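Beneath this line is the structure, given in structure tokens, with notes to follow.
Keep in mind that what you see is a predicted model, and the values were worked out from it rather than measured. In what follows, every chain begins at residue 1, and chains take the letters A, B, ... in the order their sequences are listed. What's counted below: heavy atoms across the whole structure, side chains too, no hydrogens, waters or symmetry copies.
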Protein chains: 2
Amino acid sequence: MTGTCEMKGFLSFLVLRLISKKAMSGDDIRSELEKRKGCRPSAGTIYPVLKELSSRGLIVEEKGGGRIKKYTITPTGQKELKVATRKFVAMFYDLKDEF
Amino acid sequence: MTGTCEMKGFLSFLVLRLISKKAMSGDDIRSELEKRKGCRPSAGTIYPVLKELSSRGLIVEEKGGGRIKKYTITPTGQKELKVATRKFVAMFYDLKDEF
DNA sequence: ATAGTAGTATCGGATAACCGATACAAGTGC
DNA sequence: GCACTTGTATCGGTTATCCGATACTACTAT
């Protein structure tokens, strides 16, 4: 997710994971994150992330009639997610007992 | 760890976890992170984190003779870590199968 | 058609994460 | 003593994160 030695990019990672489970809109993601974190991320936080993931070809808009865009993960996204997840687990593996 | 709706602060969280396991020096932490991430975080990354954790009373220097400072977690740090870990798990609970 | 609403999108600015370079402190070996 | 090494620390600058405010789009209902 990061490229260099950085801890940044966790939000992108999390969003990609959510989308990988099922197609979601920007607002769906905000709601899910609200459930998990207890506070609702701003629109100005989420849409740029979606845009970036999109520009990297990891997700695509699923044009489904209405004005609500649903995003789905691409094969490239799947691969990236796998790598990122592996890295994530390597980093935090000592947390496994906490789950 | 964060306070607001932010994803930032994962490095601090991780460092605090490492120290909670056993007393470590700045360089120990860099080495451990290198093992986990595959690249070595800069000194300019780690020491400011240590300083900040210290200033918040979550860790303390263990003055042990030599020039190598070891840090240990404080009771306050323990409590903070517990809270932060709970938040972390709530956020990423769907990753439990990946561990 | 007009008003209202829900979801999407962007922009500007503040914060903090992170690195590279540099400097400092305290041992070790010759 | 003097070079060398190892670990600690700071400073400056770049980049990313994140938010609040604002605007846009398109569907809905009256």
> Can you name the closest pair of heavy atoms from B:M91 and A:R36 and give their distance?
Replying inline: O-NH1, 2.6 Å

>> Can you measure B:Y47 atom OH to C:dA16 atom P for me and round it to whole angstrom units?
In response: 23 Å

>> Return a single string for nucleotides 20-25 of chain C, one symbol per nucleotide in 5' to 3' order, where B is base contact, S is sugar-phosphate-only contact and - is none, cutoff 4.0 angstrom on heavy atoms.
In response: B-----

>> In whole Å, I'd like the distance from the CD1 atom of B:I29 to the P atom of C:dC18.
In response: 14 Å

> Quick one: CD1 on B:I46 to CG on B:D27, what's the gap to the nearest 0.5 Å?
Replying inline: 9.5 Å

> Can you tell me if the side-chain N/O atoms of B:K69 get under 4.0 Å from OP1 or OP2 in D:dG7?
Replying inline: no

>> With a 4.0 Å cutoff (strictly under), does any side-chain N or O of B:K51 reach OP1 or OP2 of D:dA9?
In response: no

> What's the CD1-P distance between B:I46 and D:dA9, to the nearest Å?
Replying inline: 12 Å

> Which residues pass the ring-ring contact (aromatic ring centres under 6.0 Å, His included) test with A:F99, sequence neighbours left out?
Replying inline: B:F99

>> Within the structure provided, determine whether B:V60 and B:T72 are in side-chain contact (heavy-atom separation under 4.5 Å).
In response: yes

>> If I take atom CG in residue A:L11 and atom P in nucleotide D:dT17, what distance separates them, rounded to the nearest angstrom?
In response: 8 Å

> Choosing from D:dA9, C:dT8, D:dT8, which nucleotide comes nearest the side chain of B:Y71?
Replying inline: D:dA9

>> Rounded to whole Å, how long is the line connecting atom CG of B:D27 with atom P of C:dA26?
In response: 17 Å

>> Nearest to the side chain of A:P41, heavy atoms from C-beta on, is which of C:dG7, D:dC19, D:dT8?
In response: D:dC19

>> Pick the closest DNA chain C nucleotide for A:R30 and for B:V49 by heavy atoms, then say which residue is nearer the 5' end.
In response: A:R30

> Over how many whole Å does the gap from A:E32 atom CD to C:dG7 atom C1' extend?
Replying inline: 18 Å

>> Using whole Å, what does the distance between atom C1' of nucleotide C:dT15 and atom CD of B:E52 come to?
In response: 13 Å

>> Test: ring-ring contact (aromatic ring centres under 6.0 Å, His included). Region: residues 69-89 of chain B. Which pairs qualify, not counting sequence neighbours?
In response: A:F88-B:F88, A:F92-B:F88, B:F10-B:F88, B:F13-B:F88, B:F88-B:F92

> Do you see a donor-acceptor pair shorter than 3.5 Å between the side chains of A:T85 and A:R17?
Replying inline: yes

> Which whole-number value in Å describes the distance from A:E34 CD to C:dG7 P?
Replying inline: 13 Å

>> Side chains of A:D28 and A:S31: any donor to acceptor distance under 3.5 Å?
In response: no

